[in-house]
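The next block holds one structure in the form of structure tokens; read it before the comments.
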Protein chains: 2
Amino acid sequence: MLTIDPESTVPIYLQLRNEIMEAIARGDLSTGDTLPSVRALAGDLGVNMHTVNKSYHELVSKEIIEIVPKKGAVIIVDEGVSNQRLALMSAEFRPLLAEALVRGMKEEELQRLITTIMNNIKED
Amino acid sequence: MLTIDPESTVPIYLQLRNEIMEAIARGDLSTGDTLPSVRALAGDLGVNMHTVNKSYHELVSKEIIEIVPKKGAVIIVDEGVSNQRLALMSAEFRPLLAEALVRGMKEEELQRLITTIMNNIKED
DNA sequence: GTTTTGTTATAGTATATATAGAACAAAAAG
DNA sequence: CTTTTTGTTCTATATATACTATAACAAAAC
């Protein structure tokens, strides 16, 4: 079930994008599955249609879903990460890892943290 | 040397914050060292004083520097990460790790990526 | 005593986030 | 075939964020 926190400082369209990604990571959604229509999901969540639409297009730009006109938003996760995609991901990881280094975290400590978070994602 | 990219989509105050954190991670700046005054750095970079000020306060909120009135911005990195700080970091890592999982990255693959990025930070 | 410091205040512009409502063409559903 | 649903596009509004500009202040540094 997708939910949002209106009080969060994280924009709604990013909250939604993140939740959908986690649902896929968990296996609750798989390649071929479709997301609800923008109007239906917006109605459920009590937010504007355009906000949901923006979430979906976030996922389109990440090549995680494909919006097939008049059919729906279909999940299209193909395994494997291109070098271009890896560069984008690295740019996002970089400031977080810099902070970890500043705080004196050792690589083992960080690897454990990563493992813990990944397990949390899978278990929620 | 601190620089900014005016074309970047990353806000200037975050670019600066990130660069300063990387300088500390690299060892170019250490506990006790002081950053230039907000006016001096703003002049060097060709940006507004308030933008640099915002960067510094980003680091204050992360407890990485301390602004001693009329003395300067002093680096105060004490090793060790509180549980509260760990929770904040986890919240930032989480969506990135979800995306990695969606793309089918295995934990080994991710650990290698993390190591690579950390080495890049240290070597720049 | 002059300069430099971080801070605070006001003001303006530009962009980002979110909402609202309307209209469109085409596919799906009845 | 007709109705409904679909994503898309457009206009409009409100609020928040990012950045700049300028001014003023009190206190430490010189």
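Numbers restart at 1 for each chain; the letters A, B, ... are given by sequence-line order, proteins then strands. Hydrogens, waters and symmetry mates play no part in the numbers below; they use all other heavy atoms, side chains included.
Considering every non-hydrogen atom in both Ile76(A) and Glu63(A), the closest pair reads CD1-O, 3.9 Å. Heavy atoms only, all atoms of each residue included: Gln15(A) and Ser8(A) are closest at NE2-CB, 3.4 Å. Considering all non-hydrogen atoms of both residues, Ala98(B) and Ile121(A) come closest at N-CD1, 3.7 Å. Closest non-hydrogen pair, Ile117(A) versus Arg94(B), comes out as CG2-CA, 3.9 Å.
Under the 3.5 Å distance criterion, the side-chain polar atoms of Glu99(A) are left unmatched by any main-chain donor or acceptor of Met21(B).
Glu7(B) places its CD atom 19 Å from the P atom of dA18(D), with the value rounded to the nearest Å. Rounded to whole angstrom, the span from the CG atom of Leu59(A) across to the C1' atom of dG7(D) amounts to 16 Å. Rounded to whole Å, the distance from CG on Leu41(A) to P on dT5(D) is 17 Å. If you take NE2 of His57(A) and P of dT9(D), they are 8 Å apart, rounded to a whole angstrom. At whole-Å resolution of the value, OH in Tyr56(B) and P in dT7(C) are 11 Å apart. Straight-line distance from the CG atom of Leu14(A) to the C1' atom of dT17(C): 10 Å, rounded to whole Å.
Between dT4(C) and Ser37(B), no contact under 4.0 Å exists linking OP1 or OP2 to a side-chain N or O. Between Lys54(B) and dA18(D), a side-chain N or O to OP1/OP2 separation shorter than 4.0 Å is present. In this structure, Tyr13(B) does not reach the dC19(D) phosphate: none of its side-chain N or O atoms is under 4.0 Å from OP1 or OP2. Distances shown here put a side-chain N or O of Asn53(A) below 4.0 Å from the OP1 or OP2 atom of dT8(D).
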**Message:** What does the B/S/- profile of nucleotides 20-30 of chain D look like, 5' to 3', with a 4.0 Å heavy-atom cutoff to protein?
**Reply:** BBBBB-BBSS-
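Between Leu113(A) and Glu109(A), every side-chain heavy-atom pair lies at or beyond the 4.5 Å cut-off.
Under the 4.5 Å side-chain contact rule for hydrophobic residues, Ile75(B) and Val81(B) do not share a cluster. Both Val60(B) and Val77(B) sit in one connected hydrophobic cluster of ILVMFWY residues. Membership requires side-chain heavy atoms under 4.5 Å apart, directly or through other members.
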**Asked** side chain to side chain contact (heavy atoms under 4.5 Å, CB included) between Lys62(B) and Val102(A): does it pass, once the steps are laid out?
**Response** CA-CA 11 Å; Lys62(B) 286 184 179 294; Val102(A) 164; over 6 Å; no
Identify the pairs formed between an N or O of the protein and an N or O of nucleotides 12-14 of chain C at a distance under 3.5 Å, and give each distance.
none

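Looking at which nucleotide of DNA chain C each of Val68(B) and Pro11(A) is closest to, the 5′-most match is held by Val68(B).
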